[in-house]
Amino acid sequence: MPDPLPETAVQAALSDLPGWSFQDHALHKTFEFADFKAAFAWMTAVAFEAESLGHHPAWHNVYKTVRVQLNTHDADNRVTALDVELAKKMDVLAG
């Protein structure tokens, strides 16, 4: 089971995660794409990364917008290193 990060570590990680915020014990970001196909293609690419990590996002997609929330259920719904790693992978895949 991954350990929750202290809030100071989460805040420090945010300096490498542009556009991400920390609220309600989770990392949050809204991604905007050119259209639905681009948003869905990104979600598909993220799904493969998430599966390889064994860590899956909570997200909501409407047309070209994807809202993401990352925290770890096995760590009492707190942010862990897995959430930070997945956030970084999402940013890379979003370009």
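No experiment lies behind these values; they were computed from the predicted model shown.
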Answer whether the closest heavy-atom distance between the side chains of [X] and [Y] falls below 4.5 Å.
X     : Y     : value
Val84 : Leu5  : yes
Arg67 : Asn61 : no
Val10 : Leu27 : yes

Show the nearest heavy-atom pair for residues [X] and [Y], with the distance to one decimal.
X     : Y     : result
Gln69 : His28 : OE1-CE1, 3.5 Å
Val66 : Ala39 : CG2-CB, 4.0 Å
Gln11 : Phe22 : NE2-CD2, 3.5 Å
Trp20 : Lys29 : NE1-CD, 3.3 Å
Pro57 : Leu86 : CD-CD2, 4.1 Å
Ala75 : Thr80 : CB-CG2, 3.5 Å

* To do: Could you please spell out the steps behind the side-chain contact (heavy atoms from CB on, under 4.5 Å) verdict for Arg78 and Asp3?
  => CA-CA 9 Å; Arg78 304 290 188 186; Asp3 292 324; over 6 Å; no

Identify, with sequence neighbours excluded, every residue that meets side-chain contact (heavy atoms from CB on, under 4.5 Å) alongside [X].
X     : result
Ser52 : Glu49
Asp16 : Lys88
Glu32 : Thr30, Lys64, Thr65
Ala38 : Phe33, Asp35

* First locate atom NE2 of His25, then atom OG1 of Thr72, and finally report the distance between them rounded to the nearest 0.5 Å. =>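 If I round to the nearest 0.5 Å, the distance is 13.5 Å.
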
* With rounding to the nearest 0.5 Å, note down the distance linking CE in Met90 to CG in Asp83. =>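 The CG atom of Asp83 is 9.5 Å from CE of Met90, to the nearest 0.5 Å.
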
* To do: Output all residues satisfying side chain to side chain donor-acceptor pair (under 3.5 Å) with Asn77, sequence neighbours left out; order by chain, then residue number.
  =>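 Partners of Asn77 under the side chain to side chain donor-acceptor pair (under 3.5 Å) test: His73.
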
* Do Leu53 and Trp42 sit in the same hydrophobic cluster, where Ile, Leu, Val, Met, Phe, Trp and Tyr count as joined when their side-chain heavy atoms come under 4.5 Å apart? ->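 In one cluster with Leu53: Trp42, yes.
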
* Identify, with sequence neighbours excluded, every residue that meets ring pair (Phe, Tyr, Trp, His ring centres under 6.0 Å) alongside Phe36. =>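 Phe40.
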
* To do: State whether a side-chain donor-acceptor pair under 3.5 Å links His55 with Glu85.
  =>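 Note: His55 and Glu85 side chains miss the donor-acceptor criterion.
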
* Asked: Given the rule in the side-chain contact (heavy atoms from CB on, under 4.5 Å) test, do Asp91 and Leu17 qualify, once you have shown the distances and angles that lead to the verdict?
  -> CA-CA 8 Å; Asp91 283 344; Leu17 295 170; 4.0 Å; yes

* Hey, is the main chain of Asp76 close enough, under 3.5 Å, to the side chain of Asp74 for a donor-acceptor pair? ->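 Looks like no, no N/O pair under 3.5 Å.
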
